[in-house]
Amino acid sequence: MSEFFPMIKKVCYEGKQSKNPFSFKYYDAERIIDGKPMKEHLKFALSWWHTLCAEGGDPFGSGTIDRTYGGLKDPMKIAYAKVDAGFEFMSKLGIEYFCFHDADIAPAGENFSQTKKNFWEIVDYIRSKTEETNIKLLWGTANCFNAPRYMHGAGTSCNAHSFAYAAAQIKNALEATVKLGGKGYVFWGGREGYETLLNTDMALELDNMAKLMKMSVEYGRKIGFDGDFYIEPKPKEPTKHQYDFDSATVLGFLRKYGLDKDFKLNIEANHATLAGHTFEHELTVARINNAFGSIDANSGDPLLGWDTDQFPTNVYSATLCMLEVIRAGGFTNGGLNFDAKVRRGSFTFEDIVHAYISGMDTFALGLIKAYEIIEDGRIDEFVKKRYSSYNDGIGKEIRQGSASLESLEEYILGNDKVVMESGRQEYLEAVLNNIIFG
Ligand code: XLS
Ligand code: NI
Ligand code: NI
């Protein structure tokens with residue numbers, strides 16, 4: 001079998017002094033942090049589509065990255081080579097999970113039954129690889145946005161035939177997820193949104209989307225899927241108005257249709273920023289609603305307004321993200337999927353290795369710093385104190401729900417001088433810098 005990443009044997013932790021580009025500077029998989037090895041805190045996953053399929057094309061130019069895996073022509077041979085390359089890559093980097101869309105792993109055939117045959121052949125091959133290694137599926141999904149049949153959406157399409165096709169794909173993707181032992185199944189909105197209300201029945205589209213999700217839950221539970229379903233919020237792109245705008249919008253949808261017991265959120269950093277939020281905002285909204293599930297770890301470019309899916313390198317952002325993960329009690333079924341691709345000019349296999357090492361080190365540092373913030377205690381202590389007026393007296397009554405407008409007016413009549421305290425934002429930002437740069 002060919003070796004696709006000959007430049008690396010096994011990428012090991014060598015510490016921050018190391019100048020070896022093929023070593024981890026901060027990610028020390030077995031290092032125990034708060035009773036758990038780093039690898040269990042972080043649960044890194046490879047994204048099949050970006051890592052093994054994306055060719056670097058953009059609206060202005062064709063691909064720059066050769067994905068023929070040594071000049072192969074037959075799409076099925078390429079699909080097998082992707083499995084080999086993917087497992088070689090994950091083994092060498094110590095990545096224990098992967099995520100895929102049905103369309104990433106096997107080529108479409110001339111009709112659905114051929115597509116299905118190709119898909120299952122590769123699923124079986126992936127399964128044999130998971131059995132040989134310690135590498136597992138984090139989540140599966142179906143690509144219901146690329147083909148022309150989804151030009152008006154899939155679950156929200158105006159065309160019932162498109163809806164049915166999506167359902168058929170999801171059925172197979174769910175079965176594959178179960179077969180590969182995956183504990184997550186993602187719905188990313190894809191083209192579930194609209195361009196103009198002039199041709200759109202929004203109410204019907206949303207009802208239908210919920211029906212597709214309900215069918216998926218019913219079928220998934222029937223075939224033994226005991227993991228989490230996720231919605232991955234994203235505000236725009238490809239459509240102008242994506243229905244799953246952000247965490248808060250998605251939570252409203254899930255509750256309206258009674259899907260909140262089975263669904264959690266898969267939060268992607270770049271989607272958060274496209275929605276005008278910070279990554280940590282989206283994670284907090286998910287956490288406080290018991291809907292934190294999994295993460296697509298990437299980043300956008302602050303100067304560009306689209307989903308650039310870059311590898312994460314911002315330690316500030318990774319730290320504040322990991323703080324939220326810790327507050328949520330850590331990952332259960334979810335993990336950190338690098339939904340990120342190398343830039344178009346970084347077209348060699350070596351570049352993918354650099355990208356993952358850098359992304360993994362960024363999150364390792366984020367984890368270390370997040371624990372330091374907790375141990376340091378200054379920030380948590382400040383927040384606790386900031387709300388201490390709710391611990392007794394009138395504050396306690398408000399909190400417990402025993403206060404009323406009458407009782408509060410009574411209180412104010414006797415105490416109308418309100419004493420305020422500073423929010424100390426600049427002080428807290430300095431504390432954060434102090435911990436991050438120690
Ligand atoms: C696209 C999404 C996609 C999902 C999986 O913007 O991030 O890659 O993660 O369908
Ligand atoms: Ni994503
Ligand atoms: Ni994305």
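We number each residue from 1, following the sequence as shown. Ligands are counted one by one from 1 in listed order, and the atoms in each one are counted from 1 as well. In what follows, every heavy atom counts, from backbone to side chain, and hydrogens, waters and symmetry copies are set aside.
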Stepwise ring pair (Phe, Tyr, Trp, His ring centres under 6.0 Å) check, Y371 with H41: CA-CA 11 Å; Y371 264 104; H41 281 285; 5.7 Å; yes

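In this structure, L336 CG and I295 CD1 are separated by 5.0 Å, a value rounded to the nearest 0.5 Å. Here CD1 of I436 is found 4.0 Å from OG1 of T319. Values are rounded to the nearest 0.5 Å.
Within 6.0 Å of NZ on K222 lie no more than 12 heavy atoms contributed by other residues, nucleotides or ligands. With a 6.0 Å radius and a threshold of 12 heavy atoms from other residues, nucleotides or ligands, K136 has its NZ atom above the threshold. More than 12 heavy atoms of other residues, nucleotides or ligands sit less than 6.0 Å from atom CZ of R149.
Between T141 and ligand 1, no N or O atom pair is found at a separation short of 3.5 Å. Where the criterion is an N or O separation shorter than 3.5 Å, residue side chain and backbone included, N266 fails it with respect to ligand 1. Of the polar atoms of H271, at least one N or O is found under 3.5 Å from an N or O of ligand 1, judged by distance alone. Polar contact check, E232 against ligand 1: a nitrogen or oxygen pair lies under 3.5 Å apart. Considering backbone and side-chain N/O atoms, H50 never comes within less than 3.5 Å of an N/O atom of ligand 1.
In summary, the atoms of ligand 1 found under 4.0 Å from a heavy atom of D339, numbered by their order in the structure, are 2 (C), 3 (C), 4 (C), 7 (O), 8 (O), 9 (O). Within ligand 1, the atoms closer than 4.0 Å to a non-hydrogen atom of H101 are 5 (C), 10 (O), numbered from 1 in the order shown. The atoms of ligand 1 that sit less than 4.0 Å from any heavy atom of K234 are 1 (C), 6 (O). The D307 neighbourhood of ligand 1 comprises atoms 1 (C), 6 (O), with distances under 4.0 Å to a heavy atom of that residue.
Between T115 and K117, the side chains place no donor N or O within less than 3.5 Å of an acceptor N or O (distance only, hydrogens not considered). With 3.5 Å as the limit, one finds a donor-acceptor pair spanning the side chains of T249 and D246.
Inside a sphere of radius 2.8 Å centred on the Ni ion (ligand 2), the protein N/O/S atoms present are E232 OE2, E268 OE1, D296 OD2, D339 OD2.
The aromatic ring centroids of F338 and Y356 lie less than 6.0 Å from each other. Between F112 and Y165, the ring center distance clears the sub-6.0 Å criterion.
The pair K234-D244 fails the salt-bridge criterion, with no side-chain N (NZ, NE, NH1 or NH2) lying under 4.0 Å from an Asp/Glu carboxylate O.
If you look at N270 next to ligand 1, there are no close heavy atoms at all, none under 4.0 Å.
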